[in-house]
Number of protein chains: 2
Amino acid sequence: MQELQDRIKNDGQVIGTGILKVDSFLNHQIDPEFIMRMGREFAQRFSKDNVTKVLTVEASGIAVAMAAALALGVPVVFAKKKAAVTQQGDMYTAEVYSFTRRESVHITVEKQYISDRDVVLIIDDFLAHGEALNGLASIVKQAGACLAGAGIVIEKRFQGGGQQLRKEGIRIESLAAIEYMEPGNIRFAE
Amino acid sequence: MQELQDRIKNDGQVIGTGILKVDSFLNHQIDPEFIMRMGREFAQRFSKDNVTKVLTVEASGIAVAMAAALALGVPVVFAKKKAAVTQQGDMYTAEVYSFTRRESVHITVEKQYISDRDVVLIIDDFLAHGEALNGLASIVKQAGACLAGAGIVIEKRFQGGGQQLRKEGIRIESLAAIEYMEPGNIRFAE
């Protein structure tokens, strides 16, 4: 998606060798119209997959997931990173290590919100080492649901998560895939 | 908002005396079309306030905030509950105690995303004791921005936060205000 590549080049900030900060439109401040265009792009790419539910994980994935779900006409479920006192039901759970936060969290989804009749599209803002996507795919599997694939806003391809998960048979659609980056220089995969 | 009252009555689950669980359309699973209608309702109620930015806090507030921001044609900023390694800039910060999680968190907003030229509309899913709204209002104040008011999906009026903050001069628009609740019985304020 050319508009996304342009925004990343203009507004993105590369920190060290592995972190891309896109807080001006995706991870802290949100540009709602742009998010809606990304949602429609995901909906179009998965338009023939009979998706019944969009799954993401709080927090940065929620806006894009909602935009995609709106375009597909289906609900969103967002996995939680911490059980609230309101969560009492049976839950699917997966452990996810966050390299940016340097900690493991258990993500949870209440069983009643994904069933074996669902066709699930996973949406997330970033794909790096693949930890979050792997955890979400595990939840889809635990539910016995069908996984249509994953829609990712920015794939940091050089961190290898996407390659590994594609090998395992997961269809991954990235709106922008970064092949290499360092401060002042971001190269996208074609 | 009648539709919201109906959804709360039909799908909401009262736990103990203080907790309302609305995970089927707001806090875990999201009904995107319904969220968009709520966003448009907020935009209409604040249509004359020249809002330049919508402010919320991760995670459950993000979807409704995005819907309101989309209808108003302005960006959303969501305060973060935990500093990520990507956050390095100067930040506004406020301490917020969560009664549902029984812990205090520091919410943060990078200074570049709210300035003294902004007119801010705060959006959140719940207003109970007022802790989150108070923290977000503090961030608006720290920024020297103008606070247009707060749009709340569900106000648990019996917990008193709204009353206190209205006394302090904050305009609060709730789409549903609960006066009293116990399992099987929810009474709305008129």
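Note on naming: letters A, B, ... go to the chains in the order of the sequence lines (proteins, then strands), and numbering restarts at 1 for each one.
Annotation: Gln112(A), atom CD; neighbour count of heavy atoms from other residues, nucleotides and ligands within 6.0 Å is above 12. Around the CZ atom of Arg166(B), the shell of radius 6.0 Å holds more than 12 heavy atoms that belong to other residues, nucleotides or ligands. For CG of Asp6(B), the number of neighbouring non-hydrogen atoms (other residues, nucleotides, ligands) closer than 6.0 Å is greater than 12.
Each of Gly73(B), Ala63(B), Ala65(B) has some count of heavy-atom pairs under 4.5 Å with chain A, and the biggest count is that of Ala63(B). No other option in Ser24(A), Ala69(A), Gly16(A), Ser98(A) has as many heavy-atom pairs under 4.5 Å with chain B as Ser24(A).
No continuous path of ILVMFWY side-chain contacts below 4.5 Å connects Tyr180(A) to Ile19(A), so the two sit in separate hydrophobic clusters. Val119(A) and Ile122(A) fall into different hydrophobic clusters, defined by Ile, Leu, Val, Met, Phe, Trp and Tyr side-chain heavy atoms under 4.5 Å apart, directly or through other members. By the rule that hydrophobic residues join a cluster once side-chain heavy atoms approach within less than 4.5 Å of another member, Ile186(A) and Leu26(A) end up as members of one cluster.
Proximity of Ile35(B) to Val76(A): side-chain heavy atoms (C-beta onward) are nowhere separated by under 4.5 Å. Within the 4.5 Å cutoff, side-chain heavy atoms of Lys80(B) are placed close to those of Asn27(A). Within the 4.5 Å cutoff, side-chain heavy atoms of Glu33(B) are placed close to those of Leu70(A). Taking the side chain as every heavy atom from C-beta outward, Gln29(B) and Glu110(A) never approach each other to under 4.5 Å.
Heavy atoms of Leu55(A) lying under 4.5 Å from chain B are absent altogether. The contact between Val74(B) and chain A is made entirely by backbone atoms, counting heavy-atom distances below 4.5 Å.
At distances below 3.5 Å, not a single donor-acceptor pair connects side-chain atoms of His28(A) with backbone N or O atoms of Ala79(B).
Residues Ser60(A) and Phe78(B) come closest through the heavy atom pair OG-CZ, 3.9 Å.
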